[in-house]
Asker: 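Okay, here's the structure, questions in a sec.
Worth saying up front: this structure is predicted, and the values here are computed from it rather than measured.
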Amino acid sequence: LLQNFYNCTHLPISFFDADYNCISYSTKDTNFCPYLFKFADMKNACTCSTAQRFEESKKQGDTIIYRCHAGLIDTITPIFYQNTLIAYIMIGQFRDKEKIYSTKTIMETCLSKYNVNLDKFKNLYKQLPCISSKELYSLLSILKLCIKFLWSEQLIQCKSTMLASEINAYIDSHI
């Protein structure tokens with residue numbers, strides 16, 4: 001499903017468990033983030049930023065769209081099973097056609113905090129996929145329907161018992 005999504009959209013997509021471990025991803029990735037990860041401070045900033053966004057999407061219980069620390073757009077969608085968070089889907093990185101979240105200037109401003117070669121990133125930025133917010137919301141709706149279909153057809157299942165997660169969810173909601 002992730003590879004088919006990528007083939008149609010050219011947007012990188014990843015599937016994470018509830019503890020933020022990447023379980024699966026589309027085989028293609030932009031060159032932008034792997035190049036950033038060569039710099040330890042950028043990799044640390046990305047890891048911290050993403051963890052905060054996972055928590056934000058979990059609290060909201062819905063998809064969040066945001067600008068990452070490098071000035072690109074990402075989305076995180078939490079996946080719940082019987083009111084318990086079991087996974088996340090992340091789409092990104094990409095540029096928006098409306099230039100609300102991401103522009104070359106925003107990217108340069110975000111990256112100026114780090115000791116990186118901005119000329120290299122300008123070229124990588126141009127190579128990122130670019131979609132409109134209308135296209136993004138449509139893709140997210142289709143993706144959510146696909147997940148519901150996979151659950152209803154029992155094409156995916158939780159392998160371990162969810163008892164601990166259910167207990168935590170109960171405690172959180174009844175404190």
Side-chain angles (χ1 to χ4, degrees), residues 1-79 85 87-144 146-147:
L1 178 64
L2 300 180
Q3 188 58 47
N4 289 336
F5 182 88
Y6 176 82
N7 291 342
C8 292
T9 65
H10 302 287
L11 296 173
I13 182 169
S14 304
F15 193 71
F16 293 81
D17 67 16
D19 297 320
Y20 320 136
N21 299 306
C22 187
I23 299 169
S24 184
Y25 54 90
S26 58
T27 58
K28 298 284 185 175
D29 191 8
T30 66
N31 292 325
F32 198 94
C33 290
Y35 187 76
L36 280 180
F37 285 3
K38 292 179 181 179
F39 304 93
D41 54 342
M42 289 297 297
K43 187 173 183 175
N44 291 337
C46 179
T47 303
C48 291
S49 171
T50 303
Q52 289 173 343
R53 299 306 181 148
F54 278 129
E55 282 300 313
E56 183 181 335
S57 72
K58 178 182 176 180
K59 285 179 186 171
Q60 289 185 15
D62 202 0
T63 299
I64 60 165
I65 302 167
Y66 65 95
R67 180 185 314 130
C68 77
H69 71 286
L72 305 177
I73 305 173
D74 285 327
T75 70
I76 296 177
T77 301
I79 300 172
L85 177 82
Y88 298 93
I89 291 183
M90 177 182 247
I91 302 172
Q93 298 65 46
F94 55 93
R95 299 176 292 142
D96 60 316
K97 287 183 182 175
E98 294 91 354
K99 298 183 179 184
I100 297 168
Y101 293 96
S102 182
T103 66
K104 199 181 304 182
T105 304
I106 290 171
M107 184 260 322
E108 289 173 355
T109 302
C110 291
L111 293 179
S112 67
K113 302 173 211 167
Y114 307 95
N115 187 22
V116 297
N117 179 347
L118 289 177
D119 290 332
K120 172 73 173 174
F121 287 104
K122 288 178 191 176
N123 290 330
L124 293 173
Y125 183 83
K126 289 179 194 175
Q127 297 171 20
L128 292 171
C130 186
I131 64 170
S132 69
S133 57
K134 185 177 181 179
E135 291 168 319
L136 177 61
Y137 285 112
S138 297
L139 290 170
L140 290 169
S141 293
I142 292 167
L143 192 58
K144 287 177 184 179
C146 288
I147 292 166

Asker: Look only at the side chain of T103 and the backbone of K99, and say whether a donor-acceptor pair between them is shorter than 3.5 Å.
Answerer: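 Looks like no, no N/O pair under 3.5 Å.
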Asker: If you look at every heavy atom in C22 and S14, which pair is closest and at what distance?
Answerer: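 That closest heavy-atom pairing would be SG-CB, 4.3 Å.
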Asker: What is the distance from atom CD1 of I79 to atom NZ of K58, rounded to the nearest 0.5 Å?
Answerer: 14.0 Å
Asker: Return the OH to NZ distance between Y35 and K120, rounded to the nearest 0.5 Å.
Answerer: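 It comes to 5.5 Å.
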Asker: Between CG of L128 and CG of D96, what distance do you get to the nearest 0.5 Å?
Answerer: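 With rounding to 0.5 Å, CG (L128) is 11.5 Å from CG (D96).
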Asker: Give me the atom names and distance for the closest heavy-atom approach of R95 to I73.
Answerer: C-CD1, 3.9 Å
Asker: Using a 4.5 Å cut-off on heavy atoms from C-beta on, say whether the side chain of N21 contacts that of F16.
Answerer: no
Asker: If you look at every heavy atom in H10 and P129, which pair is closest and at what distance?
Answerer: O-CG, 3.1 Å
Asker: Output the distance between atom CD (E108) and atom OG (S112), rounded to the nearest 0.5 Å.
Answerer: 9.0 Å
Asker: Between S138 and K134 (side chain of the first, backbone of the second, donor and acceptor by atom type, cut-off under 3.5 Å), is there such a pair?
Answerer: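 It does hold such a pair.
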Asker: Salt bridge or not between D62 and K144? Use side-chain N to carboxylate O under 4.0 Å.
Answerer: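 A salt bridge is present here (some side-chain N lies under 4.0 Å from a carboxylate O).
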Asker: If you define the side chain from C-beta out and look only at heavy atoms, does anything of L85 sit under 4.5 Å from F54?
Answerer: no
Asker: Please report whether the ring centroid of Y88 lies less than 6.0 Å from that of F15.
Answerer: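 They do not qualify: ring centres at least 6.0 Å apart.
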Asker: Given side chain to side chain contact (heavy atoms under 4.5 Å, CB included), test I64 with T75 step by step and report yes or no.
Answerer: CA-CA 6 Å; I64 60 165; T75 70; over 6 Å; no
Asker: Looking only at heavy atoms, which two atoms of R67 and C110 are closest? And how far apart?
Answerer: CD-SG, 4.3 Å
Asker: Looking at P78 and T63, what are the two nearest heavy atoms and their distance?
Answerer: CD-N, 4.0 Å
Asker: For the residue pair E55 / Y20, report whether a side-chain donor-acceptor contact shorter than 3.5 Å exists.
Answerer: yes
Asker: Please say which of L139, I76, L143 ends up in a side chain to side chain contact (heavy atoms under 4.5 Å, CB included) with I91.
Answerer: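 The residue from L139, I76, L143 that satisfies side chain to side chain contact (heavy atoms under 4.5 Å, CB included) with I91 turns out to be L143.
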Asker: Is there a side-chain contact between C68 and Y66 in this structure, where contact means two heavy atoms from C-beta onward sitting under 4.5 Å apart?
Answerer: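 The answer is yes, as the side chains (C-beta and beyond) meet within the 4.5 Å cut-off.
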Asker: Give the minimum heavy-atom separation between I100 and I106, together with the two atoms involved.
Answerer: O-CD1, 4.3 Å
Asker: Could you go step by step and tell me if H69 and K113 meet the side chain to side chain contact (heavy atoms under 4.5 Å, CB included) rule?
Answerer: CA-CA 10 Å; H69 71 286; K113 302 173 211 167; over 6 Å; no
Asker: May I ask you to test the L111-L118 pair for a side-chain heavy-atom distance under 4.5 Å?
Answerer: yes
Asker: When you compare the side chain of L36 with that of Y114, does any pair of heavy atoms fall below 4.5 Å?
Answerer: no
Asker: Between Y137 and I65, is any pair of side-chain heavy atoms under 4.5 Å apart?
Answerer: yes
Asker: Using 30° and 60° as the class boundaries, would you call the ring planes of Y125 and F32 parallel, tilted or perpendicular?
Answerer: perpendicular
Asker: Rounded to the nearest 0.5 Å, what separation is found between the OG atom of S57 and the CD atom of Q52?
Answerer: 12.5 Å
Asker: What I want to find out is whether R53 reaches E56 closely enough, with some N-O distance under 4.0 Å, to be called a salt bridge.
Answerer: yes
Asker: Applying side chain to side chain contact (heavy atoms under 4.5 Å, CB included) to Q93 and L11, what does each step give before you reach the verdict?
Answerer: CA-CA 7 Å; Q93 298 65 46; L11 296 173; over 6 Å; no
Asker: Taking C-beta and beyond as the side chain, do N4 and C8 meet within less than 4.5 Å on heavy atoms?
Answerer: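 A side-chain contact under 4.5 Å is absent here.
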Asker: To the nearest 0.5 Å, what is the distance between CD (E98) and SG (C130)?
Answerer: 8.5 Å
Asker: Indicate whether the side chain of E135 and that of S132 have a donor and an acceptor atom separated by less than 3.5 Å.
Answerer: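 The criterion, which ignores hydrogens and geometry beyond distance, is satisfied for S132 and E135.
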Asker: Among side-chain atoms of Q3 and N7, is any donor-acceptor pair under 3.5 angstrom?
Answerer: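 A pair is found: one side chain offers a donor N or O, the other an acceptor, under 3.5 Å apart.
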